[in-house]
Amino acid sequence: MDGMIPSEGTSTAPTGASSHPTGASSHPSQAFPGKELRRQSRRSDDAWSVRLLQIVTVVALVAGWELVARAGWVDPLFVPSPSNVVRACGNVGATALWGLADTLLKTLIAYVLSVVLGVALGIVLGSVRHLREAVNPFVVALYGMPKILVLPWIVLIFGFGVLPAIVYGIIHGLFPIMILVIGGVRDVDRSLVTVARSLGATPWQLDRKVILPAVVPSVLAGMRVGIVFCLLGVLVVEMFAGIRGMGYVLSTLANSFDAAGLFAATALVSTASIAIVLSLEVLNDRLSRWRG
Amino acid sequence: MSRIVAARAAIVVGVLALWEVWARLANPLLYVPPSRTLPALGRLLSLDSYPDLPENLGLTLVEIVIAYALAVGSGIGVGFGLGLFRLLGRAYGPMLAALYAVPAVVWYPSLMLFFGLAAASKIAFGFLLGFFPIALAVLAGVRQVNPQLLTVARAFGSGRVTTFVKVMLPAMLYTLVGGLRTGLALSVVGVIVGEILGSKAGLGALINHAYGLMRTADYVALILVTLVIVVALDAAASAMERWAQRWTG
């Protein structure tokens with residue numbers, strides 16, 4: 001079980017992209033892209049040719065797509081031209097923004113609960129060795145299990161609306177955070193603990209002065225991973241049995257064959273999640289620089 | 001050691017017992033006590049409750065195999081392309097990583113619109129989920145190969161192919177295999193998610209059918225069957241990973 005999830009908060013990970021957990025992970029955020037994004041832009045040599053290539057590629061893709069769509073090689077019912085997608089932004093913009101706000105609010109609630117529960121349980125399981133050895137396989141198994149299988153059950157039990165989305169978001173966010181924190185507590189430098197004990201630290205002092213500060217990087221790593229998991233869980237519930245929110249907006253647009261609106265809404269939610277991940281990454285960098 | 005095993009067994013038994021009691025007291029239909037699950041599983045496996053289980057199971061497996069094969073092929077291709085050509089890697093690597101940060105399920109409605117309700121949209125989604133971790137792992141693997149090893153190999157006169165097979169591949173194999181394992185898990189999940197979000201055939205369609213008719217015991221039995229497949233596939237991948245670990249030392 002050791003090293004099941006490389007904790008990206010520590011500086012040992014060679015590149016952002018290499019840190020995928022090798023466990024039966026069922027989730028999209030093992031490689032945290034922010035580090036990769038910024039690690040590369042920091043280098044200044046031939047940075048402009050990289051930037052140029054990126055811009056040229058995006059422009060060429062959009063132009064080619066527009067051309068193909070205009071020429072009628074693809075059915076406009078399924079693949080709208082970029083110009084139509086931009087126009088559709090006006091039509092679906094308000095609906096999509098409200099849906100996104102709804103989704104993000106639910107995600108935030110699920111996220112806060114996941115972090116609080118995950119860190120608390122992680123510290124408890126991490127510091128009590130026998131408990132950890134007995135329970136850890138179950139935590140890893142629950143993390144690896146495809147959570148989509150319990151989705152119908154969640155909806156049956158919690159009905160439609162906000163509650164199943166939050167519960168399902170927590171089911172997604174809790175376990176990765178727990179696993180990272182358990183690992184962080186387990187790997188706290190033993191000599192620090194021994195020294196603190198021999199200098200007469202009480203268990204409470206040990207927790208507060210030694211374990212907690214040492215666990216901060218894995219908590220931060222868990223917080224970064226957790227947000228995408230929570231967002232994923234909330235979106236899936238909204239698609240499956242939503243009455244509001246971005247997932248519901250997306251599936252409604254698909255069901256009404258509004259391809260242009262669907263593409264616009266998809267672009268909006270994609271941009272939002274990339275922005276969230278990047279800002280957490282920057283925040284995390286600041287915090288770790290502040291810690292020294 | 002044996003005490004830990006006993007503790008784990010006790011946890012399993014305890015959870016099952018609590019579940020049984022809670023389900024009977026609260027709502028046996030909704031919470032499905034384990035005592036009702038076993039007969040349902042028997043009925044499912046004897047093809048009593050769902051006679052078309054083998055066809056649907058087969059379809060899901062075929063979708064998984066195709067999706068994963070596509071993901072492996074293109075993931076390895078793109079990963080090596082980006083890893084071996086530095087400019088391409090620096091330009092497109094970050095874009096790939098950024099796309100990976102998007103919860104992939106937001107693309108499923110578009111895929112369903114484009115590919116329809118049949119197998120193609122599930123294959124496309126399983127491919128999409130599996131592709132990213134494989135491509136990113138190959139990219140990271142190529143980058144983590146020690147450049148000195150390559151220089152030494154070249155200095156001793158080994159050609160491109162020999163350098164690739166004898167130096168590069170062993171040095172990155174562990175990362176590569178890890179990516180392949182994550183990719184498999186995600187391809188499986190992608191296909192199942194696709195089926196549950198909307199399909200007419202496959203395991204997910206059966207799950208939705210059982211759920212829609214409140215045949216909750218059958219639903220739980222179907223989940224168990226699906227879990228067995230997921231675990232078996234991951235066990236195979238994990239065996240492959242251990243083999244790679246031993247091979248690379």
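Just so you know, these numbers use all the heavy atoms, side chains as well, and skip hydrogens, waters and symmetry mates. Letters A, B, ... mirror the listed sequences (proteins, then strands); counts begin at 1. Bear in mind the structure is a predicted one, so any value in this text is a computation, not a measurement.
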Out of B:N208, B:V12, B:I11, return the one with the most heavy atom pairs under 4.5 angstrom to chain A.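 Ranked by heavy-atom pairs under 4.5 Å with chain A, first place is B:I11.
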Tell me, out of B:V188, B:L197, B:V220, B:T216, who's got the most heavy-atom pairs with chain A below 4.5 Å.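 Most pairs with chain A among the choices: B:L197.
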For the residue pair [X] and [Y], establish whether any side-chain heavy-atom pair is separated by less than 4.5 Å.
{"X": "A:K147", "Y": "A:F229", "result": "no"}
{"X": "B:W107", "Y": "B:V102", "result": "yes"}
{"X": "B:L96", "Y": "B:F131", "result": "yes"}
{"X": "A:P152", "Y": "B:I207", "result": "yes"}
{"X": "A:L278", "Y": "A:V282", "result": "no"}
{"X": "B:L180", "Y": "B:L184", "result": "no"}

Is [X] in contact with chain A via its backbone, its side chain, both, or neither, using a 4.5 Å heavy-atom distance?
{"X": "B:L30", "answer": "both"}
{"X": "B:Y219", "answer": "side chain"}
{"X": "B:S238", "answer": "neither"}
{"X": "B:N27", "answer": "neither"}

I need the residue from A:L231, A:I276, A:L253, A:I157 with the largest number of non-hydrogen atom pairs under 4.5 Å to chain B.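 Heavy-atom pairs under 4.5 Å are most numerous for A:I157.
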As an exercise: rank A:L250, A:L151, A:L149 by heavy-atom pairs under 4.5 Å with chain B and give me the winner.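 Heavy-atom pairs under 4.5 Å are most numerous for A:L149.
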With A:D102, which residues qualify under salt bridge (Lys or Arg N to Asp or Glu O under 4.0 Å), at least two apart?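 Listed in chain order: A:K106, A:R244.
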How about A:F175 and A:Y143: are their ring centres within less than 6.0 Å of each other?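 Ring centroids of A:F175 and A:Y143 are no less than 6.0 Å from each other.
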Taking atom types as modelled and ignoring hydrogens, do the side chains of B:Q245 and B:R242 form a donor-acceptor contact shorter than 3.5 angstrom?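 No, no side-chain donor-acceptor contact under 3.5 Å.
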Within 45° of the six-membered ring axis of B:Y31 and under 6.0 Å from that ring's centre, is NZ or CZ of B:R36 located there?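 No, cation not above the ring by the 6.0 Å, 45° rule.
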Please determine if B:R181 and B:E241 form a salt bridge, counting it only when a charged side-chain N lies under 4.0 Å from a carboxylate O.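 Salt bridge between B:R181 and B:E241, a charged N being under 4.0 Å from a carboxylate O: yes.
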Just say parallel, tilted or perpendicular for the rings of A:F240 and B:Y211, cut-offs at 30° and 60°.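 The rings of A:F240 and B:Y211 sit tilted, inter-plane angle from 30° to 60°.
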For residues 222-231 of chain B, give me every residue with a non-hydrogen atom less than 4.5 Å from any non-hydrogen atom of chain A.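 Only B:I223, B:T226, B:L227, B:V230 of residues 222-231 of chain B have a heavy atom under 4.5 Å from chain A.
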Could I get the full list of side-chain contact (heavy atoms from CB on, under 4.5 Å) partners for A:T271, not counting sequence neighbours?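 Applying side-chain contact (heavy atoms from CB on, under 4.5 Å) to A:T271 gives none.
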With chain B as the partner chain, list the residues of residues 254-263 of chain A whose heavy atoms fall under 4.5 Å from it, by residue number, and write 'none' if nothing qualifies.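 Residues of residues 254-263 of chain A touching chain B at under 4.5 Å: A:A254, A:F257, A:A259, A:L262, A:F263.
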